[in-house]
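What follows is a single structure, written as structure tokens, with notes after it.
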Amino acid sequence: MSATGRDDLDEEAELSDARVAAEPRTERDPAAEFDPHGKAAPHAAGPDPSAETGPGGETDPAGVTDPSRETDPRTREARPLVAASWRRSVRARVSPDGAARVELDEDELTAYREAHPLSATMPVIRELMGAYATDGEHLLAVCDAAGRMLWVEGHPGTLRKAGAMNFVAGARWSEAAAGTNAPGTALAVDRPVQVVSAEHFRRPVRAWTCAAAPVHDPHSGRVLGAVDITGGERLAHPHSLGFVQAVARAAESQLALLGPAPDPGRLRLSALGRDEALLSVSGRRLRLSRRHSEILVVLAHRPEGVGGDELLTLLYEDESITPVTLRAELSRLRALLGPDVLRSRPYRLAGTVDADFATVDRRLASGAVAAAAGEYAGPLLPSSTAPGVVRLRERLAGRLRAALVDRRDPGLLADWAYSAWGEDDVLVWRALCAAVPAAQLPPVRARLDSLEAELSAGATDLQRTGHHTRA
């Protein structure tokens, strides 16, 4: 466990990221062929960089590379992390030839940066990365949890070249908006990531190499954003991944020093956007099993307590599950938390519980829609089928979604639309289409047209097979 209470990076996953960077360069190495700084590179045999190739090296008939194909000798095989990211990029309908969208103008960006928690970490980040980025002709970048670049700094020449692909402050580089890239993918998988040249989903970015690591709130564990180092082929080294991970942890340590220490008598529960909840109790941070996560969510929502029979119906779809099974789960949970935390008759949690989903609910109730959206890290225990959790999840997501549509703020709507849970939400995409400025409309309109065409095709298929649905 790290000093912030999170699990250390899985060794196998870390080696997976570093493996591509550490492999000996061959004369077909794409990172050696293309240089963002415009320096001449030795001629190398192989495909043109503008060709529609990616980690797997083959081109899909529709124009999108399938990263699962493993025929290109440049990479031998697509890393699972990269292949999964490319599949998500395809599902999100990211254009391989598109460019990142600049969403925040100078005034909006200044105000947003000043209020963002990561602004307090910038002195530390600049001290650790500033000289390295400038001297090495690289860029340091920091983005928020939605993938919007807040700071992009470094070598002046590299900044100019990066500006050509909108790698600038105010632009959105989330994976769902810009395809596979280190900061966007690091946020998507919540761990440090290195992306080397042709592993990028978009062709204009394949001349670059980047490494990024997410930064978390040291008390709640919530993702605040990511820190990134971007440049040319010299960054294609495993040390780059370790370096950026160390900077992210230094930023988290700075936040821990600056922020107030949590009350040891309070329970803090984080269950949004994760299948296994995190619980802070008595100075410990615990990752709960899925069933224990469901129990804690239900009890946090019902501070007055829940009787055994009712708790059974809230947790299990299968009516054949007996009270003995539930009591066994509660006994194991009590052993984990301590007898003073979980009480019975009725089952309840002792003391005050700060649950992230309850915070979002309170902010919505007070009309603070932007604050609620900022705290919403994703659906509540998204894989849970426990009836009580499903009702809470759908109610919270529905309230927030309706508030965003009613608010008509293009930035807030884009955060939802470009998220993993909102990428197919036609209602939000329609609202976003009506809210964005004319200059930003074409890609939004194209995405909405694609979604509506799919809906129309699906409805036609249902009619052909004789199935009918009721609104």
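Once rounded to the nearest 0.5 Å, the distance linking CG of L288 with CG of D275 reads 12.5 Å. Atoms CZ and CG, from R363 and D361 in turn, are 12.0 Å apart once rounded to the nearest 0.5 Å. Here the CZ atom belonging to R285 is positioned 6.0 Å from the OG atom belonging to S270, to the nearest 0.5 angstrom. To the nearest 0.5 Å, atom CG of residue L267 and atom OG1 of residue T352 are 8.5 Å apart. Once rounded to the nearest 0.5 Å, the distance linking CD of E137 with CZ of R234 reads 5.5 Å. Separation of atoms CG (D409) and CG (L432) is listed at 10.0 Å; rounding is to 0.5 Å.
Across all non-hydrogen atoms, the minimal contact from M165 to P204 is SD-O, 3.9 Å. Annotation for A248 and V227: closest pair CB-CG1, 3.8 Å, computed over non-hydrogen atoms. Closest approach of A251 and T121 over heavy atoms only: O-CG2, 3.6 Å. Closest approach of A176 and Y418 over heavy atoms only: CB-O, 2.8 Å.
Side-chain N/O atoms of S450 and R93 include a donor and acceptor closer than 3.5 Å. Looking at S85 and E175, their side chains do bring a donor and an acceptor atom within 3.5 Å of each other. Side chain to side chain, R362 and T359 meet the donor-acceptor criterion of an N or O pair below 3.5 Å. Side-chain contact check for T230 and D228: at least one donor-acceptor pair (N or O, by modelled atom type) lies under 3.5 Å.
Salt-bridge formation is detected for the pair D97/R203: a Lys NZ or Arg NE/NH1/NH2 atom is positioned less than 4.0 Å from an Asp or Glu carboxylate oxygen. Classification of R447 and E423 as a salt-bridged pair fails, no side-chain N sitting under 4.0 Å from a carboxylate O. Using a 4.0 Å cut-off between charged side-chain N and carboxylate O, E375 and R222 make a salt bridge. Using a 4.0 Å cut-off between charged side-chain N and carboxylate O, R268 and D356 make no salt bridge.
A ring-centre distance under 6.0 Å is found for Y376 and W416.
The main-chain N or O of R101 is never found under 3.5 Å from a side-chain atom of R172 such that the two would form a donor-acceptor pair. R290 places no side-chain N or O within donor-acceptor distance of the main-chain N or O of E276, the cut-off being under 3.5 Å. Not a single donor-acceptor pair under 3.5 Å links the side chain of W429 to the backbone N or O of A414. For the pair Q440 (side chain) and P437 (backbone), a donor-acceptor distance under 3.5 Å is absent.
Relative ring orientation between F167 and W173 is described as perpendicular, the plane-to-plane angle rising above 60° on a 0-90° scale split at 30° and 60°. Between F357 and H301, the two ring planes are tilted [angle within 30° to 60°].
M122 pairs in a side-chain contact (heavy atoms from CB on, under 4.5 Å) with only one of the listed residues (V124, I125, L118), which is I125.
Taking the centre and axis of the six-membered ring of Y112, the NZ or CZ atom of R148 falls inside the cone set by 45° and 6.0 Å.
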Is there a side-chain hydrogen bond (donor to acceptor under 3.5 Å, both in side chains) between D135 and H155? Walk through the geometry before answering. CA-CA 7 Å; D135 294 346; H155 187 271; over 6 Å; no

Using side-chain hydrogen bond (donor to acceptor under 3.5 Å, both in side chains), reason through S384 and E294 one step at a time and then give a plain yes or no. CA-CA 8 Å; S384 173; E294 293 166 344; 2.7 Å; yes

Determine, stepwise, if the pair L400 / L364 fulfils side-chain contact (heavy atoms from CB on, under 4.5 Å). CA-CA 7 Å; L400 179 55; L364 279 175; 3.8 Å; yes

